[in-house]
Amino acid sequence: MASVSTPARRAAAGFRRAGFRRATATDRPRSGGAGWLFATPFLVFFTLFLIVPIGIGLWMSFTNASLTGHGDNTLVGLDNYAEAFGDGQVWQTLGNTVWFTVLTTVPLVLVALVMALLVYTGMPGQWLWRLAFFASHLLPVAVVYQIWSMLFQPDRGMLNGLLKIFGIDGIAWLTDEKYAMWSIALVTLWWTVGFNFLLYLAALQAIPDHLYEAAALDGAGAWRRLWSVTLPQLRRTTGLIAVLQVMASLKVFDQIYLLTKGGPNGATRPILEYIYDTGFTNYRLGYASAVSYVFFGLIIVLSIAQLKIFSRRED
């Protein structure tokens, strides 16, 4: 039976006559050593400065390692972990850390969203507002400490000066247990909200214009467009910011250590400061490593829980 000539077969025959041939498996480019060659510098630094320290710290948590060099090779098994779970200081500092996370996460999400919406809706002088909202995030923690320590001064501070204008007595912002954590949360909000603002602004600019046009044709006003178009489109960004903010707040150390050093009476002492004091002041590196890995496990659990919660909302 004669074979039927099709356009595809005629084209293939023409390519063969012109000197072309069908590509085979041996003709495909080999992706082997080149990729690994380019990835090698990153893998070397990743291993040396992350994997190896994690392994050393995990091993150290099962020993009575000391900063003085005594007892480094003495295994104690799970004794450090048992002591950590029964240590009242661990639970107190962990509670302070969680309380700080609660105080900062919600405002840092909501305030950043409001700031981004104000800029996105076309406020006059947008470049100035963008610079003003983001500039504080570029400051190092030492500069932030200098600024706010002067603002929080009980006698000559600007905040108490403003309160006195309205006939309100001055507040011991950093030395009163009732206000110390709130004061640090205020500093953190001012200092770090610019990064979340930038993420929200980028997400707003990525929303398609035709969604707003369709909503306007349906008679939706500004508030209806906000609730029905803008906020649903920002769901993924909000989830990302919430996860990043919780992780950052749980790792708080710098501003608290500089402003209050964990005081007054340990009311603002985070768990990372307790780990630092245990390892580098009391010289108990093994026990400090165990506490840090307990805290690391808590962060992993919270991260997985947050990802599952936001993934369900998206579904």
Side-chain angles (χ1 to χ4, degrees), residues 100-153 157-163 165-166 171 173 179 181-216 220-249 251-252 254-256 258-259 310:
F100 173 82
T101 303
V102 173
L103 287 179
T104 55
T105 299
V106 176
L108 279 167
V109 173
L110 295 180
V111 173
L113 175 61
V114 172
M115 291 164 56
L117 288 173
L118 290 175
V119 173
Y120 181 71
T121 52
M123 292 176 56
Q126 283 198 18
W127 67 271
L128 179 61
W129 290 108
R130 295 185 187 191
L131 176 62
F133 289 158
F134 186 70
S136 60
H137 182 70
L138 302 176
L139 297 177
V141 66
V143 176
V144 175
Y145 159 72
Q146 292 292 339
I147 293 173
W148 284 93
S149 61
M150 291 187 292
L151 294 176
F152 283 142
Q153 285 184 1
M158 188 183 72
L159 295 180
N160 280 344
L162 293 175
L163 293 178
I165 295 177
F166 298 97
I171 295 175
W173 297 96
Y179 304 109
M181 189 64 82
W182 290 88
S183 302
I184 294 173
L186 176 62
V187 173
T188 305
L189 174 64
W190 176 85
W191 181 29
T192 61
V193 71
F195 180 73
N196 296 343
F197 154 75
L198 201 63
L199 292 179
Y200 267 128
L201 185 61
L204 286 170
Q205 293 173 343
I207 298 177
D209 293 334
H210 66 82
L211 297 179
Y212 292 107
E213 295 171 358
W223 285 105
R224 174 54 61 184
R225 292 196 297 270
L226 173 65
W227 288 103
S228 300
V229 178
T230 304
L231 295 182
Q233 292 293 318
L234 295 178
R235 187 179 293 114
R236 290 180 178 269
T237 303
T238 301
L240 172 64
I241 291 175
V243 171
L244 294 177
Q245 192 56 59
V246 168
M247 297 301 102
S249 297
K251 296 184 295 182
V252 62
D254 299 349
Q255 60 267 44
I256 292 181
L258 291 175
L259 288 169
F310 285 107

Separation of [Y] [atom2] from [X] [atom1] (nearest 0.5 Å):
X    : Y    : atom1 : atom2 : answer
M150 : Y145 : CE    : OH    : 10.0 Å
D254 : L259 : CG    : CG    : 10.5 Å
M247 : T101 : CE    : OG1   : 8.5 Å
S183 : L103 : OG    : CG    : 10.5 Å

**OP:** Would you sort out whether V144 and I147 count as a side-chain contact (heavy atoms from CB on, under 4.5 Å), showing the intermediate values?
**Re:** CA-CA 5 Å; V144 175; I147 293 173; 5.9 Å; no
Distance-minimising heavy-atom pair for [X] and [Y]:
X    : Y    : result
L201 : R130 : CD2-NE, 3.9 Å
V102 : P107 : O-CD, 4.5 Å
Q245 : N196 : OE1-ND2, 3.1 Å

By side-chain contact (heavy atoms from CB on, under 4.5 Å) - contacts of [X] (at least two apart):
X    : answer
W223 : L226, W227
F100 : T104, M181, I184, T188, S249, V252, Q255
L198 : F134
A220 : A215, R224, R225

Original post:
Given side chains that start at C-beta, do those of F195 and I241 come closer than 4.5 Å, heavy atoms only?
Top reply: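 A side-chain contact under 4.5 Å is absent here.
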Original post:
Taking C-beta and beyond as the side chain, do F197 and V111 meet within less than 4.5 Å on heavy atoms?
Top reply: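 A side-chain contact is absent here, since even the closest heavy-atom pair is not under 4.5 Å.
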Original post:
Got a sec, which residues hit ring pair (Phe, Tyr, Trp, His ring centres under 6.0 Å) with W173, two or more places apart in sequence or on another chain?
Top reply: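 By the ring pair (Phe, Tyr, Trp, His ring centres under 6.0 Å) rule, W173 matches F152.
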Can I get a per-line list of side-chain donor-acceptor pairs under 3.5 Å for residues 113-124, giving both atom names and the distance, sequence neighbours left out?
| unit_1 | atom_1 | unit_2 | atom_2 | d |
| --- | --- | --- | --- | --- |
| Y120 | OH | L204 | O | 3.4 |
| T121 | OG1 | L117 | O | 2.9 |
| T121 | OG1 | L118 | O | 3.0 |

**OP:** Evaluate the criterion ring pair (Phe, Tyr, Trp, His ring centres under 6.0 Å) for residue pair W190 and W148; output intermediate values, then yes/no.
**Re:** CA-CA 10 Å; W190 176 85; W148 284 93; 5.7 Å; yes
Original post:
Looking only at atom types and distance, does a side-chain atom of W191 sit under 3.5 Å from a main-chain N or O of L139, one as donor and one as acceptor?
Top reply: yes
